[in-house]
Amino acid sequence: AMTMLNPQALEALVQASHGDPFAVLGMHADEKNALWVRTLQPGAAGVRVIESVTGKELGELAPIHPDGVFEGRLRIRKRRPYHFAVTWGDGS
């Protein structure tokens, strides 16, 4: 399942020692073809995924590591261009 990275991969990611960070970051499909996004945003309080063309929110990511790794399942079935709307710790 895509819902959790193993602890070693998570630590390697936050310490910038992961051999292939984009194997775990970005958009990925799970075994049921649901789309998930994972991102590293140190200092973020919240992360939302926004569809780049329409501006529609596709999902909210949950923190899975205190050093800024977020992930979540999207509400779409087909890959689309996206960007992040990040809320920082100071509220900006």
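The figures that follow rest on heavy atoms only: side chains count, while hydrogens, waters and symmetry mates do not.
As a member of the Ile/Leu/Val/Met/Phe/Trp/Tyr network built from side-chain separations under 4.5 Å, L35 groups with M27, V37, V47, V49, L58, L61, F70, L74, I76, Y82, F84, V86, W88.
Listed by chain and number, the residues in a side-chain hydrogen bond (donor to acceptor under 3.5 Å, both in side chains) with S52 are H83 (sequence neighbours excluded). Scored by the side-chain hydrogen bond (donor to acceptor under 3.5 Å, both in side chains) test, E60 finds no partners at all (sequence neighbours excluded). Contacts of E51 classified as salt bridge (Lys or Arg N to Asp or Glu O under 4.0 Å), with partners at least two apart in sequence or in another chain: none. Evaluation of the side-chain contact (heavy atoms from CB on, under 4.5 Å) rule for Q15 yields E11, S17 as partners, not counting sequence neighbours. For A45, the side-chain contact (heavy atoms from CB on, under 4.5 Å) criterion is met by no residue, not counting sequence neighbours.
Contact annotation: the side chain of V69 never approaches that of P63 to less than 4.5 Å [non-hydrogen atoms, C-beta and beyond]. Residues N33 and R77 have side chains in contact (heavy-atom distance under 4.5 Å, counting atoms from C-beta outward).
Between W36 and R73, the shortest heavy-atom distance links the atoms CE3-N, 3.4 Å. Of all the heavy atoms in L40 and D67, the pair that sits closest is CD1-O, 4.0 Å.
Side chain of T54 to backbone of K56: a donor-acceptor contact under 3.5 angstrom is found. R38 places no side-chain N or O within 3.5 Å of a backbone atom of E71 that could act as its donor or acceptor partner.
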